*Asks:* 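I have a structure here, written as structure tokens, and I will follow up with some questions on it.
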Amino acid sequence: MKQITNRALALALSALLVLVLLAPNALAAAPEPAADLEPAEAVETAETVETAEAVGSEEEPEAPEETEPEEDAELLAETAYTITVDGVSFLSNTARTGDGWNYGGKRLNLTGYDGGPIRSEGALELYTSGDVTITGTRENNLGGDALYVNGDLELNVVSGTLTVLGGSGADGGGHALRGAKNVELWLMSDSAAAVFRGGAAGPGKTGGDGISVTGTLNVRTLCDRDNRLGAPDLWVEGGGAAQTAAKSQGGLGLRAKSVVIQVPCELTGGDGITAGAALYAETVELLAPCDLTGGDGTTGGAALSYKTSCALSLCDMDFHGGHSADNKLAAAIVRATGGKAIPSVKHTTLSGKDADAERLLRVNEYTLTLNGNGGTRGGEKELKIKERYPSSYRLSDYLFTYSGQTQYAWKDGSGVQHALNEALTLEKDQKFTAQWIQTKPGDVLLNGHTLRFTSNGSTYKRFQSTTAVTLPDKMYYNSTAVTALAWGDAMNSSADDSGLASGSWYVGNDKLTPNKNAVICLYAADLRCDSTIIYHPTQGTLNGGTVLVQRITVETGGAAKLTVKSCDERMTAPVGKTLAGWAVKEGGEVRYQPGDEVEPTKGTPLQLYAVWKDFEYVFRTDRCTVWLNPYQKTLRIDPSSDWRRNNQGAARFVAASYRPNGRMIAYEIAGVMPTGGITVRYEGENYPLVRLFALDRNGRPSGNELEIRLYEMYPSLG
């Protein structure tokens, strides 16, 4: 047994516990900001006063009684902590499930969750899928925090919109997200978005912050190695306070020690007599288009306040200071004492000279020059693009043409080679020159984009005067092998109406036959960041390529659901066959049907192989059920049909085919199946009349004939 024998240590631990439990109330207190300070300094002073008041207001805690906990209980306390989801509390080393949530393996999953606050007394790994809403509750007129983490937080928005709402209250608004030491917020697909909104407060009180963390906040999306466009969005808003009392203070949009935002965002400070800033941090890096607006009040809030350093990307940026009582605008950017100037100032222009003027960050105009290097575009040998607010350019939108040549890359002014479809954000005037290779009909050109054929080799290969080309099943990015690979004839393929990637597709080790009349150019598709299904038609045929591809971009540790396709818009069935389903190996049993949902592992394509069955129409009359395969010209009579049951004693069956005018075309002996059914092959191109006769051992009719008038039935098929 172990005992706590140090009384001073016990007192310290008890005091810390009290502060943690009372933190929401303490942080919601609204200190009066210092007068005559720039917004950043006012925020800094408010934080200092707030902490001092919170600590000073606590009574001296009673010393806990000495206890003798069991060793296993002490071990549990060291390794586990409490997590609460919508009022349900449990230890972090257990597994629990509730409405729209489940927890296990240190991971909390929210799927369509719409409920109360979430609190973790230690680190938390949180995944959300679909539209999820977390709402802080109101207790004793004080808005509660929606998401509180006493440790590091990894927050992964897999799909849909995550909405986090601090509770509102007359005595103060709750924070949407609070307490976390370091936060990694991943927006994991183009459909993912996150909204954080602090709770509102009454007169003389303080609105909650949208996000308030004690350490670093890093907001980003994965799979950005090739600078994919269409990044997801982040919205953060501080809670407002009723402006009818002098101490009303708007919450901050976002507060952290260090902030790095790599996705488009919109940040807004809360309104109040003293309005909140949209963003306050010691160091700031904004690396995507951002719109920051300070709150409105007697003293308007700044759009951006920083203490140490600030780095801004050269994407679209708008910084607006909040309106003050006389309708003047507060400074959009405030640099606290000791803060360094914005390092990218040589690329930017700041307008406005005094604190009451609007300051907007504007990006200088840069020119992108694209030189055809012998090729032309629209008759021009060179293209110049000049914009005031440069966005990402997809260079493949500006390809040139050159008779007898194929463009395989670009080269910048320093001699660095770039992929044809590279996404580019200008940081200065830049010039790119088209790179060409001589080609002629019959050549095959494989373009790896950023992938290489060997760990240090070329990004392209040309094959000439060959009967077949075997496509690589492995390439390299830097020195890393890439096996999640496909080859397509479209440089930037998009999904067509069927949900499949457009163009013709191939996989590694496919044999490609050159076209003697044209150059074939294929482009490597790196599937490492995708959930992918590759459909193999087996005996079916495609208009181009050997496979069909369906994919969606996902992130590390994530998965994306894909709906299995029938592929009937792009795939032609073998004659007389229709799709029975999909197998996971060639010649295997059906595992999936069109419409099934699957979750392929990121970076490992799910290979599906078509399974075919006979194509048949079914007819039912009062005497029989007949299956017709018009491609194979066969009829199959159900053994349970009345006519078949009435002729159980027949020795054999004969079928005769007639033209509609009654003239017989041919006859043959019908087959009897092991199940008792009868198969008949008929002749004729115009869907004739077929008569089926049952004969006894002596060859004489043993019952009534069965007449099937295909020429009448076939027009109604389908």
Side-chain angles (χ1 to χ4, degrees), residues 222-229 370 373 375 392-400 402 405-425 430-439 443-466 468-493 501 503-512 514 519-530 532 534 545-547 549 551 553-554 556 602-605:
L222 282 181
C223 287
D224 55 359
R225 175 184 56 75
D226 59 354
N227 297 313
R228 282 190 169 94
L229 303 178
L370 300 173
N373 191 22
S392 289
Y393 299 97
R394 182 70 77 177
L395 292 179
S396 57
D397 292 337
Y398 308 98
L399 299 183
F400 287 73
Y402 193 168
Q405 308 273 343
T406 299
Q407 188 177 352
Y408 68 87
W410 301 92
K411 186 175 288 186
D412 65 21
S414 61
V416 176
Q417 185 171 294
H418 298 261
L420 284 177
N421 67 335
E422 184 167 316
L424 174 73
T425 299
Q430 280 191 273
K431 182 177 180 179
F432 285 79
T433 303
Q435 302 298 295
W436 303 96
I437 185 171
Q438 185 174 1
T439 52
D443 288 354
V444 174
L445 185 67
L446 303 183
N447 193 321
H449 288 321
T450 57
L451 300 178
R452 297 179 179 273
F453 288 85
T454 60
S455 59
N456 59 354
S458 173
T459 60
Y460 73 91
K461 271 190 177 182
R462 178 183 57 171
F463 298 86
Q464 296 177 290
S465 303
T466 182
V469 174
T470 301
L471 299 179
D473 62 349
K474 178 175 64 175
M475 294 187 71
Y476 294 86
Y477 178 70
N478 292 335
S479 59
T480 302
V482 178
T483 56
L485 188 69
W487 293 92
D489 64 356
M491 200 178 320
N492 301 311
S493 64
S504 298
W505 288 89
Y506 305 83
V507 292
N509 293 319
D510 272 351
K511 295 286 195 288
L512 182 67
V519 176
I520 295 178
C521 190
L522 297 181
Y523 304 91
D526 183 349
L527 305 177
R528 288 178 299 165
C529 289
D530 298 337
T532 308
I534 294 180
T546 60
V547 295
V549 175
R551 59 177 174 162
T553 301
V554 295
T556 297
K602 169 187 163 292
T604 304

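Quick caveat, the model's predicted, so the values are computed rather than measured. Throughout, residue positions are numbered sequentially from 1 according to the sequence presented.
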*Asks:* With side chains defined as the heavy atoms from C-beta onward, is the minimum distance between Asp489 and Cys521 less than 4.5 Å?
*Replies:* no
*Asks:* Just so I know, are the side chains of Leu424 and Gln430 near enough to count as touching, which here means a heavy-atom distance under 4.5 Å?
*Replies:* yes
*Asks:* I need the minimum non-hydrogen distance between Pro605 and Leu527, along with the two atoms involved.
*Replies:* CG-CD1, 3.9 Å
*Asks:* Assess whether side-chain contact (heavy atoms from CB on, under 4.5 Å) is satisfied between Val482 and Lys474, documenting all intermediate values.
*Replies:* CA-CA 6 Å; Val482 178; Lys474 178 175 64 175; over 6 Å; no
*Asks:* His449 versus Tyr523: any side-chain heavy-atom pair under 4.5 Å?
*Replies:* yes
*Asks:* Drop me the distance from Asn456's CG to Ser479's OG, to the nearest 0.5 angstrom.
*Replies:* 9.5 Å
*Asks:* Hey, can you tell me if Phe432 and His418 have their rings parallel, tilted or perpendicular (30° and 60° cut-offs)?
*Replies:* perpendicular
*Asks:* Of all residues at least two apart in sequence or in a different chain, which pass the side chain to side chain donor-acceptor pair (under 3.5 Å) check with Asn509?
*Replies:* Asp473
*Asks:* When rounded to the nearest 0.5 angstrom, what is the spacing between OG1 in Thr450 and OH in Tyr477?
*Replies:* 6.0 Å
*Asks:* Is any side-chain heavy atom of Phe453 closer than 4.5 Å to a side-chain heavy atom of Leu446?
*Replies:* yes
*Asks:* Between Gln417 and Thr459, is a side-chain contact (heavy atoms from CB on, under 4.5 Å) present by the stated rule, with each step listed?
*Replies:* CA-CA 10 Å; Gln417 185 171 294; Thr459 60; 3.1 Å; yes
*Asks:* Could you walk me through whether Asp397 and Asn421 pass side-chain contact (heavy atoms from CB on, under 4.5 Å), step by step?
*Replies:* CA-CA 8 Å; Asp397 292 337; Asn421 67 335; over 6 Å; no
*Asks:* For a quick test of reading the model, state the closest non-hydrogen atom pair linking Val469 to Thr466 and the distance between them.
*Replies:* CG2-CG2, 3.8 Å
*Asks:* Heavy atoms only: give me the nearest Gly545-Ser504 pair and the separation to one decimal.
*Replies:* N-CB, 3.6 Å
*Asks:* Is Asp412 reaching over with its side chain to a backbone N or O of Ser414, donor-acceptor style, under 3.5 angstrom?
*Replies:* yes
*Asks:* Distance-only, no hydrogens or angles: does the Gln407 side chain make a donor-acceptor pair with backbone N or O of Phe400 under 3.5 Å?
*Replies:* yes
*Asks:* Any side-chain heavy atom of Leu522 sitting closer than 4.5 Å to one from Tyr506?
*Replies:* yes
*Asks:* Using salt bridge (Lys or Arg N to Asp or Glu O under 4.0 Å) as the criterion, list what pairs up with Lys511, not counting sequence neighbours.
*Replies:* none
*Asks:* Looking at CE of Met475 and CG of Asp526, how far apart are the two atoms once the value is rounded to the nearest 0.5 Å?
*Replies:* 10.0 Å
*Asks:* Look at the side chain of Arg528 and the backbone N and O of Gly603, then say whether any donor-acceptor pair between them is shorter than 3.5 Å.
*Replies:* no
*Asks:* Just by modelled atom types, is the Leu445 backbone N or O under 3.5 Å from a matching donor or acceptor in the Arg462 side chain?
*Replies:* no
*Asks:* How long is the straight-line distance from OG1 of Thr433 back to NZ of Lys431, given to the nearest 0.5 Å?
*Replies:* 5.5 Å
*Asks:* Determine yes or no for a side-chain-to-main-chain donor-acceptor pair under 3.5 angstrom, with Gln435 supplying the side chain and Trp410 the backbone.
*Replies:* no
*Asks:* Supply the atom-to-atom distance Thr532 OG1 to Leu485 CG, rounded to the nearest 0.5 angstrom.
*Replies:* 11.0 Å
*Asks:* Side chains of Thr470 and Asp510: does their closest heavy-atom pair fall under 4.5 Å?
*Replies:* no
*Asks:* With the side chain counted from C-beta on, respond yes when Met491 and Leu420 share a heavy-atom pair under 4.5 Å apart, and no when they do not.
*Replies:* yes
*Asks:* Could you go through Ile437 and Tyr460, starting from their C-alpha distance and side-chain angles, then the distance that decides it, and tell me whether this counts as side-chain contact (heavy atoms from CB on, under 4.5 Å)?
*Replies:* CA-CA 10 Å; Ile437 185 171; Tyr460 73 91; 3.1 Å; yes
*Asks:* Report yes or no: does Asn447 contribute a side-chain atom to a donor-acceptor pair with the main-chain N or O of Tyr408 at less than 3.5 Å?
*Replies:* yes
*Asks:* Does any non-hydrogen side-chain atom of Thr546 lie less than 4.5 Å from one of Trp505?
*Replies:* no
